[in-house]
Amino acid sequence: MSEKKLVSIIIPVHNEALNIAPLHEELTKTLRKLAYDFEIVYVDDGSTDDSSKILYELTAKNINIHVIQFSRNFGKEAAVSAGLHAAKGDAAIIIDADMQMPPSLMKEFIARWEQGAEVVVGVFSARSMQLARRVGAKIFYSIMQTIGHTKITPHATDYRLLDRQVIDTFNDFTERNRITRGLIDWLGFERDYVYFEQAPRLHGKPSYKFSDLIALAVNSLTAYSLVPLRMAGYLGVFILTVTIPLGILLYIERFIMHDPFGWGVSGTFFLAVLILALVGLILACLGLISIYIAHIHTEVIDRPLYVVRRKPKAKDLSTADSTAEEKILEKELDISEGALEG
Ligand code: UDP
Ligand code: MG
């Protein structure tokens, strides 16, 4: 067995037949220059083209290449999770199969990891995006920054390196509705960023249509923040605080003081205020319900309560070890005392 560290490369693949060969070539070219052992885990996410055939040909040539084939398309998030579950490396690097992310950057990722980063995130410059996507991303990130509980770096991609410890914690997640990068951001840990210019897709069209991206954005917002749920409630409370005093004021003016200001408030207007107040009440109740749903949501997704980066040293926990260490310590003391006497 070699002493080299093992790095797993995880590649979700969905109909990338034309991209696999160029990617694999570039990847092996990069990896060959690095002093690490590598395993490549391709996750074939229900491709309907020749992707799986091409992948299995690759595995036949090299024992360090693995293919996980899904029974149908489960989506990229599931594919990445499957790859992380299977990864055996001391670290794993996730990369798309479409060559939008330069494999040559892995050298930099690994260098940052060796410097102590536990999560290394690839961040691309927004310049290389279509206008609609760029605007969409901008809105999404600004909403996310204001209401989200987890800090999210704009334009952080799934091109990431994760240390073993992060992979293990990630694999403990049981929630189904998952956005990998959001979960990784939630985990914390020491992070570092590598910036790159995103190349256009080599072949084929992105599987994620604009509508999918909107769905993903809505999913992220609802998975990492409960604020959208509460919005309705706040709106209801706002309506109530406006309509109730207004209704009371109008009532006093009209029926108790008999219209001294000559406002001549009509019955219809009273009705409108009343209806508005009731709508406010309903919305406020919805907000209240949302708080309960939020509690259920937190319980159901069953996130770990906390994530530990470093555990206390073994001697603090196990008595067997501590006695051994204490003996060594005593010996050292003996020596130093002896030295003092002498
Ligand atoms: N992908 C996947 N399952 C899907 C959709 C995409 O495994 O259902 C893979 C795809 O093969 C690629 C990566 O996820 O390796 C990113 O997909 P894409 O380029 O379509 O997304 P974008 O670059 O627009 O984020
Ligand atoms: Mg892509």
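Numbering of ligands and ligand atoms starts at 1, following listing order.
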Participant: For the residue pair Phe270 and Tyr251, does the interplanar ring angle fall in the parallel (under 30°), tilted (30 to 60°) or perpendicular (over 60°) class?
Facilitator: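 Correct class here is perpendicular.
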
Participant: Between Glu39 and Ser8, does any side-chain donor sit less than 3.5 Å from a side-chain acceptor?
Facilitator: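 Looking only at side-chain atoms, Ser8 and Glu39 do form a donor-acceptor pair, the distance falling under 3.5 Å.
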
Participant: Quick check for you: within a radius under 2.8 Å, how many protein N, O or S atoms neighbour the Mg ion (ligand 2)?
Facilitator: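 Protein N, O or S neighbours of the Mg ion (ligand 2) under 2.8 Å, waters not counted, come to 2.
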
Participant: Taking heavy atoms and a distance under 4.0 Å, where does Val43 meet ligand 1: side chain, backbone, both or neither?
Facilitator: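 It is neither part, as no heavy atom is under 4.0 Å.
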
Participant: Ion pair present between Asp185 and Arg160, side-chain N to carboxylate O less than 4.0 angstrom?
Facilitator: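 Salt bridge: yes.
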
Participant: Atom 3 (N) of ligand 1: which protein heavy atom is closest, and how many Å away?
Facilitator: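 For atom 3 (N) of ligand 1, the nearest protein heavy atom is Asp45 OD2, 2.5 Å.
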
Participant: Give the contacting part of Glu16 toward ligand 1: side chain, backbone, both or neither, where contact means a heavy-atom distance below 4.0 Å.
Facilitator: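 The side chain, only.
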
Participant: State, with a plain yes or no, whether a side-chain heavy atom of Val123 is found less than 4.5 Å away from one of Phe196.
Facilitator: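 Not in contact.
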
Participant: Heavy-atom contacts with Gln100 under 4.0 Å: which atoms of ligand 1 show up? List them by number with element.
Facilitator: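 Checking each atom against Gln100, I get 19 (O), 23 (O).
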
Participant: Could you tell me whether Glu57 and Lys61 make a salt bridge, using a distance below 4.0 angstrom between a side-chain N and a carboxylate O?
Facilitator: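 Result for this pair is no, no salt bridge flagged.
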
Participant: Can you check whether Ala79 has an N/O within less than 3.5 Å of an N/O in ligand 1?
Facilitator: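 For ligand 1, there is no N or O atom that lies under 3.5 Å from one belonging to Ala79.
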
Participant: If we ignore hydrogens and angles and just use 3.5 Å, is the side chain of Tyr56 paired with the main-chain N or O of Ser51 as donor and acceptor?
Facilitator: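 No; judged by distance alone, with no hydrogens or angles, the pair does not exist.
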
